[in-house]
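All remarks here apply to the structure that follows.
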Number of protein chains: 4
Amino acid sequence: MLLNIDPKSVTPLYEQVIQQIKELCARGVLSPNEKLPSVRELSAQMLINPNTVSKAYRELERQGVIVSIHGRGTFISEDFISEQTPAQREKIKNELKQLVIDSYYAGVQKETLFSWLEDFYEEIGGEDDES
Amino acid sequence: MLLNIDPKSVTPLYEQVIQQIKELCARGVLSPNEKLPSVRELSAQMLINPNTVSKAYRELERQGVIVSIHGRGTFISEDFISEQTPAQREKIKNELKQLVIDSYYAGVQKETLFSWLEDFYEEIGGEDDES
Amino acid sequence: MLLNIDPKSVTPLYEQVIQQIKELCARGVLSPNEKLPSVRELSAQMLINPNTVSKAYRELERQGVIVSIHGRGTFISEDFISEQTPAQREKIKNELKQLVIDSYYAGVQKETLFSWLEDFYEEIGGEDDES
Amino acid sequence: MLLNIDPKSVTPLYEQVIQQIKELCARGVLSPNEKLPSVRELSAQMLINPNTVSKAYRELERQGVIVSIHGRGTFISEDFISEQTPAQREKIKNELKQLVIDSYYAGVQKETLFSWLEDFYEEIGGEDDES
DNA sequence: GTGGTCTAGACCACG
DNA sequence: GTGGTCTAGACCACC
């Protein structure tokens, strides 16, 4: 498993790991019940500290994306769609609003934003009906 | 000028100030050349540290949203559309991708996202076709 | 003998085995002098590592719940009420205190807790007055 | 603020910190909006590592018991009763069942358990109607 | 072998 | 000053 980690980015390393694993799951590259590399393994591959990987895995487990079994390893969860919380909706809505404003200032057109959205959904699309 | 500041939020206070002023500009509530409250005025109103407001104003000026004229005060810029940087585009694109993935996990439908987007652009108005 | 083992639980597998066997004894499903399945039998049934079952049996024997007779097998003890240690009392008292606090935060009412307690003692039956 | 931390206990240090702060809140010793010692302060007092305190604080915040404000400090939350989750109820119920079984083996009488329960609720009791 | 916990000490962002 | 992040390296419980 290869992740693109940028130590110079402002986003924390563990956050980058979380995001990329979630992306790989959403795109179907990682399948339910698949085994993830161990904390030590991944940390060695990514050249980051085991604690950082561990923190990422812990948070992913809290979100229900993966399951850690002590002494066995870490696995992709079977059912990773969480129940919809109003707070989560609000959070996403706010982030989207901020994104629109930032796009406005960066000169990114409305149409561009919509086409990007379509692209991303195409990458994910229809993966949830195979088991 | 009234801003909604939440000290308990994870977003830094100065970031909240920046976002909200940019939003007020984008929605046309604040017009070009309009005078903003002084740093100490705004900090008194919002019950936050003057340093925090100062930092927000500094960043807004750096982005070209506002201009400070020494001894006169702070004003909304006339031309607040910055030139489009590839890096900015990339940044927005990445944030959008992450938003799609988070929506996926939060159970927010594609259609919901699109309708929210439409709503936000409606609030701003057809101002993205003037330069 | 059927146990409900969940490999994904945070409670260690051997702990789950211990708890469930103790429960079966307390509820009278397993009677004194009854023969338990062998380590390899149980591990095969439960799809877990023999070492795990072995560790559970060892701990159960240490607690006096079961007895292993070399070459014959493992049996439920006749007299499984241990003498009361102050340390044990303290431990249970502390766990109960923590349970009350957790209930408080989880919104579980005092009355609910009491009724659950009654239920559990009913399942065990009035066996706490024989020694 | 004084906590009783036992480095030799099997319960992790951060878990002990969590439990004791929750207890102090439930008993009304710590009031809403009260400021907690800083991570460094508490770690110095308790002779444990700042990271350990930090981990405890982070978990307490996730549970909604406290609120950390970056650069300001950590405070007791105003409304610390979470909504009741079926999973939480189930968890507490199971722990209670296990406690009953352990009491049975430790020779702790049903009446003793009930009287302890009453005691603990008396310590907490009636604290939630003052504001 | 696995993940979980803890320590020591560092740097950064925030107010 | 605050909390958040990261690294280095250690020990333990579990399987």
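These numbers come from the heavy atoms of this one structure, side chains and all, not from hydrogens, waters or symmetry mates. Everything quoted here is computed from the prediction, not taken from an experiment.
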query = What's the verdict on salt bridge (charged side-chain N to carboxylate O under 4.0 Å, His left out) for D:Glu61 and D:Arg58, showing C-alpha distance, side-chain angles and the deciding distance?
reply = CA-CA 5 Å; D:Glu61 182 167 24; D:Arg58 217 181 313 136; over 6 Å; no
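Spacing between atom CD1 of D:Ile18 and atom C1' of E:dG4 amounts to 14 Å, rounded to whole angstrom units. Rounded to whole angstrom, the span from the CD atom of A:Glu61 across to the C1' atom of E:dT2 amounts to 13 Å. Atom CZ of D:Arg58 is separated from atom P of F:dC6 by 11 Å (rounded to the nearest Å). Between B:Ile5 atom CD1 and E:dC14 atom C1' there is a gap of 14 Å when expressed in whole angstrom units. In this structure, A:Leu13 atom CG and F:dG4 atom P are separated by 17 Å, rounded to whole Å. Here the C1' atom of nucleotide F:dC15 and the NZ atom of C:Lys8 are 17 Å apart, to the nearest Å. D:Asn51 has its CG atom 10 Å from the P atom of E:dA8, to the nearest Å. One atom, CG of A:Leu42, and another, P of E:dT2, lie 12 Å apart when rounded to the nearest Å.
Remark: side-chain polar atoms of D:Ser38 are paired, donor with acceptor, to backbone N or O of D:Glu41 under 3.5 angstrom.
Nearer to the 5' terminus of DNA chain E, by closest-nucleotide assignment, is the contact made by A:Glu41 (compared with the other of B:Glu15 and A:Glu41). Remark on DNA chain F: of its neighbouring residues A:Lys55 and D:Lys35, the 5'-side contact belongs to D:Lys35, judged by nearest-heavy-atom nucleotide.
In this structure, E:dC14 forms a base pair with F:dG1, meeting either the Watson-Crick or the G-U wobble geometry with both donor-acceptor distances under 3.5 Å.
Checking E:dG3, F:dT2, F:dG4 against the side-chain heavy atoms of D:Ser38 singles out F:dT2 as nearest. Closest to the side chain of D:Asn49, out of F:dG4, E:dA8, E:dG15, is E:dA8. Among the nucleotides E:dG3, F:dG3, F:dC15, the one closest to any side-chain atom of A:Thr74 is E:dG3.
Distance check, rounded to the nearest 0.5 Å: NZ of B:Lys93 to CD of B:Gln88 gives 15.5 Å.
Between B:Tyr14 and B:Ile48 the shortest side-chain heavy-atom distance does not fall below 4.5 Å.
Proximity of D:Tyr14 to the phosphate of E:dT5: a side-chain N or O atom is located under 4.0 Å from OP1 or OP2. Taking 4.0 angstrom as the limit, B:Thr52 places none of its side-chain polar atoms (N or O) nearer than this to OP1 or OP2 of E:dC14.
One donor-acceptor pair, N or O on each side, does fall under 3.5 Å between the base of E:dG3 and the side chain of A:Arg40.
Nucleic acid contact for B:Ile48: none, since no nucleic acid atom lies under 4.0 Å from a heavy atom of the residue.
Salt bridge status for B:Lys22 with B:Glu59: absent, with no side-chain N to carboxylate O gap under 4.0 Å.
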